[in-house]
Every structure is written in structure tokens, then in C-alpha cells.
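Following: one structure in C-alpha cells, then a few remarks.
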Amino acid sequence: MSACEYRPGLEGIPAKESGIGFVDGKQGILEYRGIRIEELAAKSSFVETTFLLIWGYLPTFEELEAFATEIQYHRRLKYRIRDMMKCFPETGHPMDALQSCAAALGLFYSRRALDDPAYIRAAVVRLLAKIPTMVAAFQMMRQGNDPIRPRDDLDYSSNFLYMLNEQIPDPLAAQIFDICLMLHAEHTINASTFSAMVTASTLTDPYAVIASAVGTLAGPLHGGANEEVLLMLKEIGSVDRVEAYVDERMQQKQKQKFMGFGHRVYKVKDPRAVVLQQLAEQLFDKFGGDEYYDIALKLEAVMADRLGGKGIYPNVDFYSGLVYRKLGIPADLFTPVFAIARVAGWLAHWKEQLNANRIFRPTQIYTGDHEITYIPLEKRTTTPEKRAVPGDYERYRSTIG
Ligand code: COA
């Protein structure tokens with residue numbers, strides 16, 4: 001590949017060297033620091049996995065205890081952050097609320113010492129501790145309630161579910177939620193992680209880094225897809241509608257993508273989707289089934305038939321919504337929950353970026369004009385002869401009537 005070859009979306013272009021996560025999209029393998037995700041899901045916890053991602057090794061018992069205790073200690077929010085949140089419209093999306101709150105932390109913790117390991121550790125702990133509290137607090141406040149105070153006797157995942165529902169969760173529900181967090185914690189250089197790295201490369205504060213990543217995760221082509229999957233299952237409505245729905249949608253002139261399917265890297269079923277499906281089944285066995293699950297199973301089969309040849313299979317977002325729904329998490333909190341998990345990966349990449357930093361400054365292929373003469377305002381016509389983007393001028397005019 002020549003240095004100047006243009007690849008839209010930077011597809012396949014290495015942007016950094018990294019020892020954090022590894023994906024083999026052909027074989028469906030995901031590893032964190034060399035450990036397969038299935039093994040971590042079966043044996044680890046979110047807090048331990050986060051330590052592994054950020055510091056690169058599995059902690060000793062004492063190290064894990066100290067890390068978990070520090071996170072526990074920093075879970076509460078400053079009252080001014082809660083006051084700020086009271087001004088947020090209850091109709092606003094929780095991802096926008098989270099992005100604002102993450103950025104606001106930079107106001108309260110403004111000291112910046114990026115070469116001080118103690119500062120790095122404090123920022124890591126603070127973000128991991130406070131982000132779940134922010135998500136749960138916004139959920140309470142938009143319903144007109146006071147936020148629920150975090151409980152020190154509860155572990156990371158149990159405490160989040162408690163702050164969300166004011167009820168100590170069933171141990172199986174908390175364990176499954178913890179596994180969901182592990183599965184979503186890291187996924188190499190996707191859009192939001194790249195966003196975090198670009199922001200980090202300017203040596204700004206870690207709160208700005210995480211805020212920019214949260215904003216990027218929010219889009220429907222990235223983390224926002226899990227929310228859309230449930231809407232799609234609802235729209236399908238019943239198992240016998242699945243085939244017709246898929247075929248109708250594929251025949252539409254303006255092709256719409258099926259949410260929860262396809263991936264830039266995986267050309268087989270996403271390994272996280274395999275584990276999430278098992279988790280969904282465990283939940284259904286204990287707490288009763290979900291009408292959407294049968295629709296999802298049929299949709300997966302029909303999609304494999306219609307689009308499997310193109311390597312389009314369920315991704316992480318396909319079954320996660322069904323798990324979260326069973327855990328009583330509202331659909332518009334699915335992406336904030338993704339953010340609670342992914343903050344681990346973003347922070348690991350932030351720390352790695354600081355170890356070998358070079359500000360991101362890609363180049364572009366300029367397609368515009370040169371040496372254009374400036375036309376005085378009174379001599380300009382309403383239909384310029386040259387237009388940068390065909391149709392753009394007409395579109396602009398249509399907005400101003
Ligand atoms: N449904 C239907 N067709 C899909 C598809 C989907 N979910 N995802 C990809 N395709 C098709 C495209 O239409 C395109 O077909 P074409 O070659 O005939 O034009 C081909 O597969 C390649 O798609 P493209 O969008 O170029 O792939 P990508 O690598 O850029 O996209 C995603 C990856 C994730 C953005 C894409 O699969 C997608 O939008 N999925 C739905 C959103 C989603 O679930 N996102 C969460 C990702 S974890």
C-alpha cells in the first residue's frame with residue numbers, strides 16, 4: 001500500500017501499536033492482554049478485568065482488593081454535579097447526560113499531571129467509580145426522584161443495579177451484568193477508542209478523553225445499535241413475520257442496515273454475541289422467557305441464509321439488549337451501560353497513548369479549487385457557477401425558504 005492510498009474510514013490502516021486487545025475477525029477470537037474473552041467471562045470480574053486491561057497483568061489478591069476498595073470509596077458524586085444534572089431535560093438522551101457529566105469532572109478535578117503515575121491511577125479510579133453513579137443518577141432524576149446513594153457493602157455491578165432500581169439485585173442477575181461489562185470492556189481501535197486516543201494525544205485531561213469517547217459511542221453505527229435492535233424486534237412483532245420483514249427490507253431501494261448485524265472486523269458471529277446469547281438463556285431459565293428471543297433466533301437464522309455469504313452475522317449488540325431488558329434496564333440506558341464497561345478500554349488506551357505519545361495529525365487529499373477570485377458581495381449571483389458538492393447549494397436554499 002502506498003503511503004497516500006486513501007481508505008475511507010481508515011479501514012485496515014494501523015493507527016498505533018497496542019498490547020491491550022486482540023481481535024481475529026475470521027476465527028471470531030477476542031483476547032484481552034492475551035487472555036480469551038470466554039475465559040475471562042467464566043472466571044474473572046469486571047474490576048479485575050479492568051485492572052488487567054489498564055496495568056497489563058492479573059492483579060494479586062491484595063492489589064485487587066485495594067483497587068476495588070478505592071473505586072468503592074470514590075463512587076459518590078459532588079453535590080454540584082448532581083445540581084448540574086437537575087437542570088438537564090428529562091427528555092434528553094442519557095448518553096448526552098453522561099457525556100456532559102464526564103466532561104464536567106474536568107472542572108472539579110482540574111489538576112493535570114500526566115507524567116505522575118499517582119495522578120493516572122486517581123483519574124482511572126475516579127472515572128470507573130463515578131460513571132455508573134452518573135448513569136443511575138440521571139435515570140432517577142429524569143423520573144423526578146432523588147438519586148440513590150451508592151452502597152459500600154455492594155460490589156461494582158450489584159451497586160449499579162441497586163442504584164438503578166433501589167433494590168439489591170438477585171446474585172445471578174448481578175453476576176450476569178458483571179459478565180456483560182467484561183464482554184464490552186475493550187475492543188481495540190474502534191471509533192470511540194480512536195476518538196479517545198486522538199483526544200488523548202493532545203495531552204488534554206482524561207475527562208475530556210472519556211467525554212469525547214462517550215460522544216462517539218452514542219451513534220447508531222457504534223454503541224447505539226443495541227437500543228435499535230429491540231426497536232427492530234418490536235417492529236417485526238412475531239416469529240412468522242421475520243422472513244417477510246427481512247425480504248421486504250432487503251428489497252427497499254434505500255437499503256437500511258439490520259441493527260445488531262455486521263462488523264468491520266468480524267466476518268463470523270461475534271464471540272461476545274455467543275456468550276451474551278448463553279447469558280440471555282440463563283436469565284430466561286431463572287426469571288422466565290422473553291417474547292422477543294424467539295424472534296431474534298429466527299432473525300439470526302434468516303439473516304444467515306440471506307446475508308451470511310457476505311460475512312454478516314450477529315454482533316455484540318444483537319443479544320445484549322435482550323439481556324439488559326431481562327435485567328430491567330430501560331432501552332435508552334443500553335448504550336450508557338456499554339459506556340460504563342468500555343471506559344475500562346478507553347482508559348487502557350489513554351494510558352498506553354501517554355507512554356508513547358505523538359499527536360494525531362493525518363493528512364487529506366484536497367479535492368477543492370485553487371486561485372479562486374474573491375467576488376464582492378454585491379456582484380454575487382444566487383446560483384454560483386461552481387459548487388463544491390453537487391446539489392448542496394439547492395439543499396441549503398431549501399432550508400431558508
Ligand atoms: N445489514 C445489512 N447489510 C449490511 C449490514 C447490516 N447490518 N452490515 C453490512 N452490510 C452490507 C452493506 O450493505 C454492504 O453491502 P454492499 O457491499 O452490497 O454495499 C456490505 O455489507 C459492507 O458493509 P459496510 O457498511 O461497508 O461495512 P462496514 O465494515 O463499513 O460496516 C458496520 C460495519 C458495523 C458499520 C455495519 O455492519 C453496520 O452498520 N451494522 C449495523 C449497525 C450495528 O449493528 N453496529 C454495531 C457494530 S458492533
Side-chain angles (χ1 to χ4, degrees), residues 6-15 21 23-26 28-30 37 95 180-196 213-236 242-277 292 295-296 298-324 331-332 334-342 345-346:
Y6 170 50
R7 296 268 190 101
L10 298 181
E11 183 168 354
I13 296 180
V23 179
D24 180 331
K26 285 194 188 119
I29 293 174
L30 171 61
I37 187 67
M95 278 300 269
C180 289
L181 294 185
M182 276 187 263
L183 295 173
H184 287 83
E186 152 67 5
H187 210 245
T188 75
I189 307 181
N190 46 65
S192 59
T193 304
F194 186 52
S195 189
V214 170
T216 310
L217 184 71
L221 294 186
H222 193 8
N226 52 15
E227 197 179 328
E228 308 269 338
V229 170
L230 280 196
L231 295 176
M232 183 175 65
L233 297 176
K234 189 175 173 199
E235 196 186 332
I236 296 174
V242 173
E243 281 197 89
Y245 178 88
V246 171
D247 291 336
E248 276 163 28
R249 202 160 158 162
M250 283 179 71
Q251 278 155 19
Q252 277 167 4
K253 255 195 181 161
Q254 267 218 312
K255 280 196 180 146
Q256 281 180 53
K257 289 195 176 145
F258 292 84
M259 290 294 139
F261 286 90
H263 199 276
R264 177 62 64 79
V265 184
Y266 292 118
K267 298 304 163 203
V268 294
K269 186 168 175 178
D270 187 325
R272 299 165 299 174
V274 175
V275 181
L276 281 161
Q277 186 175 0
Y292 288 172
I295 303 176
K298 177 78 179 175
L299 183 59
E300 180 177 351
V302 174
M303 286 290 285
D305 181 57
R306 306 292 198 275
L307 286 169
K310 272 188 169 179
I312 295 167
Y313 288 97
N315 60 44
V316 67
D317 292 316
F318 191 60
Y319 287 108
S320 63
L322 288 172
V323 172
Y324 295 149
D332 64 355
F334 294 172
T335 318
V337 164
F338 191 159
I340 290 175
R342 187 53 62 82
W346 294 330

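Order of listing sets the numbers, starting from 1, for every ligand and every atom in it. Just so we're clear, the structure is a prediction, and the values are computed from it rather than from any experiment.
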> Taking His222 for the side chain and Ser192 for the main chain, is one N or O donor matched with an acceptor at less than 3.5 Å?
Replying inline: yes
> Backbone, side chain, both or neither: what part of Val229 comes under 4.0 angstrom of ligand 1, heavy atoms only?
Replying inline: neither
> Which atoms of ligand 1 sit under 4.0 Å from any heavy atom of His222?
Replying inline: 46 (C)
> Which residue pairs satisfy the side-chain hydrogen bond (donor to acceptor under 3.5 Å, both in side chains) criterion with at least one member in residues 313-324, sequence neighbours excluded?
Replying inline: Glu300-Tyr319
> Which ligand 1 atoms are under 4.0 Å away from a heavy-atom of Ile312?
Replying inline: 3 (N), 4 (C), 5 (C), 9 (C), 10 (N), 11 (C), 21 (O)
>> Is the contact between Leu307 and ligand 1 made by the side chain, the backbone, both, or neither, using heavy atoms and a 4.0 Å cut-off?
In response: side chain
>> Just so I know, are the side chains of Gln256 and Arg249 near enough to count as touching, which here means a heavy-atom distance under 4.5 Å?
In response: yes
>> Among all protein heavy atoms in this structure, tell me which lies nearest to atom 42 (C) of ligand 1, with the distance rounded to 0.1 Å.
In response: Met259 SD, 3.6 Å
> Does His187 have its ring centroid less than 6.0 Å away from the ring centroid of Phe338?
Replying inline: no
> Taking the side chain as C-beta and beyond, is there a heavy-atom pair between Trp346 and Ser195 under 4.5 Å?
Replying inline: no
> Does the N or O separation between Lys310 and ligand 1 drop below 3.5 Å for any pair?
Replying inline: yes
> How about atom 48 (S) of ligand 1: does it have a protein heavy atom within less than 4.0 Å?
Replying inline: yes
> Would you say Leu233 and Leu322 make side-chain contact, with heavy atoms under 4.5 Å?
Replying inline: yes
> Taking both backbone and side-chain atoms of Phe258, is any N or O found less than 3.5 Å from an N or O belonging to ligand 1?
Replying inline: yes
>> If you take the nearest heavy atom of each of Pro8, Ser320, Gly260, which one is closest to atom 44 (O) of ligand 1?
In response: Gly260
> Between Leu181 and Val337, what is the shortest heavy-atom contact and its length?
Replying inline: CD2-O, 4.0 Å
>> Quick check: do Leu307 and Met250 have side-chain heavy atoms less than 4.5 Å from each other?
In response: yes
> For Arg342, what residues pass the salt bridge (Lys or Arg N to Asp or Glu O under 4.0 Å) criterion, not counting sequence neighbours?
Replying inline: none
> Side chain, backbone, both or neither: which part of Asp317 comes within less than 4.0 Å of ligand 1 when only heavy atoms are counted?
Replying inline: side chain
> Are side-chain heavy atoms of Glu243 and Arg306 found at a separation under 4.5 Å?
Replying inline: yes
> Can you find a protein heavy atom closer to atom 32 (C) of ligand 1 than 4.0 Å?
Replying inline: no
>> Does the protein place a non-hydrogen atom closer than 4.0 angstrom to atom 21 (O) of ligand 1?
In response: yes
> Which atoms of ligand 1 are found less than 4.0 Å from any heavy atom of Ala225?
Replying inline: 43 (C), 44 (O), 45 (N), 46 (C)
> Who's the nearest protein heavy-atom neighbour of atom 45 (N) of ligand 1, and how far?
Replying inline: Leu221 O, 3.3 Å
> What atoms of ligand 1 come closer than 4.0 angstrom to any heavy atom of Gly262?
Replying inline: 34 (C), 37 (O)
>> If you take the nearest heavy atom of each of Arg264, Arg306, Lys257, Lys267, which one is closest to atom 13 (O) of ligand 1?
In response: Lys257
>> Under 4.0 Å, counting heavy atoms only: does Met250 come that close to any atom of ligand 1?
In response: no
>> What protein heavy atom lies closest to atom 41 (C) of ligand 1? Include the residue and the distance to one decimal.
In response: Phe261 O, 3.4 Å
> Val302 versus Phe258: any side-chain heavy-atom pair under 4.5 Å?
Replying inline: no
